[in-house]
Amino acid sequence: QVVVTAAGGTYAQATATVTITFASAYATAPRAVILSMVNAVAIDTGHASYAVTTTALVITYKVLPAAGVYTFDYLCIA
């Protein structure tokens, strides 16, 4: 689980990204990732995509974020 707190008031970036770097690299990239998310700012959830490699998981939030707390739960299936 990753919890991100966005602060401030004006966000110009159309998408926000969260990069999780694995402590140890996988031999091959995970076959699948299960991703769920919630937030405390009344923005639609489920608007995220991901890319995974042997060393990192990159989650891209597809809508303009607002100040608040975003919780991402993920499970990599190797």
Output the distance between atom CG (Asn39) and atom OH (Tyr61), rounded to the nearest 0.5 Å.
4.5 Å

Taking every non-hydrogen atom, the tightest pair across Ala48 and Met37
CB-SD, 3.4 Å

Show the nearest heavy-atom pair for residues Phe22 and Thr53, with the distance to one decimal.
CE1-O, 3.6 Å

Enter the distance from Leu35:CG to Cys76:SG here, rounded to the nearest 0.5 Å.
9.5 Å

Contact check, side chains of Val3 and Val69, non-hydrogen atoms, under 4.5 Å
yes

Taking the side chain as C-beta and beyond, is there a heavy-atom pair between Ser36 and Asp73 under 4.5 Å?
yes

Would you name the heavy atoms of Ala78 and Arg31 that are closest together and state the gap between them?
O-NH2, 3.0 Å

Which heavy atom of Gln1 sits nearest a heavy atom of Tyr74, and at what distance?
N-CE2, 4.0 Å

Are Val2 and Ile59 linked, directly or through intermediate hydrophobic residues, by side-chain heavy-atom contacts shorter than 4.5 Å (ILVMFWY only)?
yes

Would Val52 and Tyr26 show up in the same hydrophobic cluster when neighbours are defined by side-chain heavy atoms closer than 4.5 Å?
yes

Quick check for you: to the nearest 0.5 Å, what is the distance between Tyr50 atom OH and Leu57 atom CG?
8.5 Å

